[in-house]
Each structure stands twice: as C-alpha cells, then as structure tokens.
Amino acid sequence: MRYRLTFIAGLATGYVLGTRAGRERYEQLRKTAQRITQNPAVRNTAESAALTGREAASKAFGTVSAKVGDRLPGPVGDRVRSLRGRRSPDEDDWGTSNT
C-alpha cells in the first residue's frame, strides 16, 4: 500500500509540475533528452551495459540449468529443451541477438 501511495503522489506531483511548465518546457526537455540519447558516448555506454547484462544472464542461465538439471517437471524441461534447439547461433541463452 505504501508503494501505491508513493506512486500516486509522484504521479500527482509530475502532473502539477507538468501543467505549470507548459508545452514550451516540455519541448525543451524532449530536445535535451533526444540530444543525450544520440550522444555517441551515451550510446556506447548503454550498448556496453546491455552486452554485460546479456553475458551475466547467459552465465546465470548456465549455472542454474547445471544445478537444476533434470529435476524440473516434465513439461517445463521439455519446453526449455525445445527452446534451446530453436535458437540461432547468433542468439544468447535468452533468445536475444548480440548485435
């Protein structure tokens, strides 16, 4: 309940501040955010973080599947094995491409 009230309070505060700022301030914030996201340093950092996250997820998947092994219920184990067989070589263990 506490988190719900915090979320609602934040939403109300954002609404009030947004309506006071108006369209001009919104456009200014949008352009600033767009400039930041198009910055090569920011893009490289985000790409590096995504790659690191994929590698960590892949390692975690390998560790968990090695420890769990065949102790999964039949339908779950079959589903995981079928997903492994369908992935392409350029995909990691989570089915995302490493591009």
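Residue numbers start at 1 and run along the sequence shown.
Looking at Ser58, its side chain never comes within 3.5 Å of a backbone N or O of Arg54 through a donor-acceptor pair.
The stretch residues 26-45 participates, sequence neighbours left out, in these salt bridge (charged side-chain N to carboxylate O under 4.0 Å, His left out) pairs: Arg23-Glu27, Glu27-Arg30.
Leu29 belongs to no hydrophobic cluster, as no Ile, Leu, Val, Met, Phe, Trp or Tyr side chain comes under 4.5 Å of its own.
To the nearest 0.5 Å, atom CG of residue Asn39 and atom CG of residue Asn44 are 9.0 Å apart.
Annotation: side-chain contact (heavy atoms from CB on, under 4.5 Å) contacts of Ile36 (sequence neighbours excluded): Thr32, Val42.
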